Amino acid sequence: MFCLETYLQESDDYDILISRAGFKDCAKVIEENAREIIYVNAGEKILGARIIGIPPVPVGVNEEKGTILFPYTKPCYGTAVVEIPVENEEIDKVRDLNIKGC
């Protein structure tokens, strides 16, 4: 099973687009930097981490780069937007979480 926390500690293959930010600021960064936006409910799991935010929570997809952008909240550090490379299957899993009508 994939562990996002371990990945972020052991890998350099990701970008943090904003850190120590509020949910609204993170949502704005995702909406401005992703080619495709998928809206999910707060509490959904992406890469093993529960998504926290003001629903609907945007998750960005850049299929050409093979990345997703999502808000990641870590206690004592606040919320950040992380862009991380993923397999196409993970992109499909995120798309399956899409809230219809948003």
Side-chain angles (χ1 to χ4, degrees):
M1 173 179 255
F2 184 86
C3 177
L4 179 59
E5 185 67 30
T6 301
Y7 180 85
L8 294 175
Q9 290 174 358
E10 297 178 356
S11 176
D12 291 332
D13 193 18
Y14 65 89
D15 289 315
I16 297 175
L17 303 182
I18 187 174
S19 63
R20 298 182 187 255
F23 297 130
K24 288 181 181 181
D25 291 331
C26 289
K28 184 177 179 183
V29 167
I30 292 168
E31 290 166 345
E32 290 175 350
N33 288 282
R35 291 185 174 241
E36 176 185 356
I37 306 296
I38 295 165
Y39 292 94
V40 302
N41 286 314
E44 294 287 359
K45 274 191 170 184
I46 295 182
L47 298 174
R50 293 233 182 253
I51 301 300
I52 300 172
I54 300 169
V57 180
V59 175
V61 173
N62 187 333
E63 198 163 14
E64 290 175 10
K65 288 173 59 177
T67 62
I68 59 173
L69 293 84
F70 58 98
Y72 177 64
T73 303
K74 186 173 178 181
C76 300
Y77 292 93
T79 303
V81 173
V82 179
E83 183 174 20
I84 190 166
V86 296
E87 300 293 326
N88 286 338
E89 299 84 46
E90 195 63 42
I91 291 173
D92 291 337
K93 287 180 188 177
V94 170
R95 285 182 176 137
D96 288 343
L97 298 174
N98 190 31
I99 300 170
K100 305 299 180 205
C102 288

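Keep in mind it's a predicted model, so treat the numbers as computed, not measured. Here, residue 1 is the first one in the sequence, and each next residue gets the next number.
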**Q** Let me confirm one number: the CD1-CD distance from Ile68 to Glu36, rounded to the nearest 0.5 Å.
**A** 11.5 Å

**Q** Taking all atoms of both residues into account, what is the closest heavy-atom pair of Ile37 and Ile30, and its distance?
**A**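 For Ile37 and Ile30, the tightest heavy-atom pair comes out as CD1-O, 3.6 Å.
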
**Q** Please round to the nearest 0.5 Å and tell me the distance separating atom CG of Leu69 and atom CD1 of Ile18.
**A** 12.0 Å

**Q** Would Ile38 and Leu97 count as a side chain to side chain contact (heavy atoms under 4.5 Å, CB included) here? Give the steps.
**A** CA-CA 8 Å; Ile38 295 165; Leu97 298 174; 5.6 Å; no

**Q** Does Asp25 form a salt bridge (Lys or Arg N to Asp or Glu O under 4.0 Å) with Lys28? I'd like the steps, not just the answer.
**A** CA-CA 5 Å; Asp25 291 331; Lys28 184 177 179 183; over 6 Å; no

**Q** What are the two closest heavy atoms between Asn41 and Glu44, and how far apart are they?
**A**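 Shortest heavy-atom separation between Asn41 and Glu44 comes out as O-CG, 3.2 Å.
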
**Q** Looking at CG of Asn88 and CD of Glu63, how far apart are the two atoms once the value is rounded to the nearest 0.5 Å?
**A**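 The CG atom of Asn88 sits 6.0 Å away from the CD atom of Glu63.
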
**Q** Evaluate whether atom CZ of Arg35 has more than 12 neighbouring non-hydrogen atoms of other residues, nucleotides or ligands under 6.0 angstrom away.
**A** no

**Q** Mind listing the closest non-hydrogen atom pair of Pro71 and Cys26 along with its distance?
**A**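 Heavy atoms only, the tightest pair is CB-CB, 4.5 Å.
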
**Q** For Arg20 and Tyr77, which heavy atoms make the closest approach, and how far apart are they?
**A** CG-O, 3.3 Å

**Q** In the single-linkage hydrophobic clustering (I, L, V, M, F, W, Y; side-chain heavy atoms under 4.5 Å), do Val59 and Ile16 co-cluster?
**A**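 They do share one cluster, since a chain of ILVMFWY contacts under 4.5 Å joins Val59 to Ile16.
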
**Q** Hey, mind stepping through Phe70 and Ile84 against side chain to side chain contact (heavy atoms under 4.5 Å, CB included) and telling me if it holds?
**A** CA-CA 9 Å; Phe70 58 98; Ile84 190 166; 3.5 Å; yes

**Q** Testing the basics here: between Glu83 and Leu17, what is the closest heavy-atom pair and its distance to 0.1 Å?
**A**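 Heavy atoms only, the tightest pair is OE1-CD2, 4.4 Å.
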
**Q** Applying side chain to side chain contact (heavy atoms under 4.5 Å, CB included), run through Phe23 and Ile52 and close with a yes or a no.
**A** CA-CA 8 Å; Phe23 297 130; Ile52 300 172; 3.6 Å; yes

**Q** Is Ile54 linked to Tyr39 within one hydrophobic cluster, defined over Ile, Leu, Val, Met, Phe, Trp and Tyr using a side-chain heavy-atom separation of less than 4.5 Å?
**A** no

**Q** So, taking the atom named CD1 in Ile51 and the one named CD1 in Ile46, what distance separates them when rounded to the nearest 0.5 Å?
**A**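 Taking CD1 in Ile51 and CD1 in Ile46, the distance rounds to 4.0 Å.
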
**Q** Salt bridge between Asp92 and Arg95, side-chain N to carboxylate O under 4.0 Å?
**A** yes

**Q** Search all heavy atoms of Ile99 against all heavy atoms of Pro56 and return the closest pair with its distance.
**A** CD1-CB, 3.9 Å

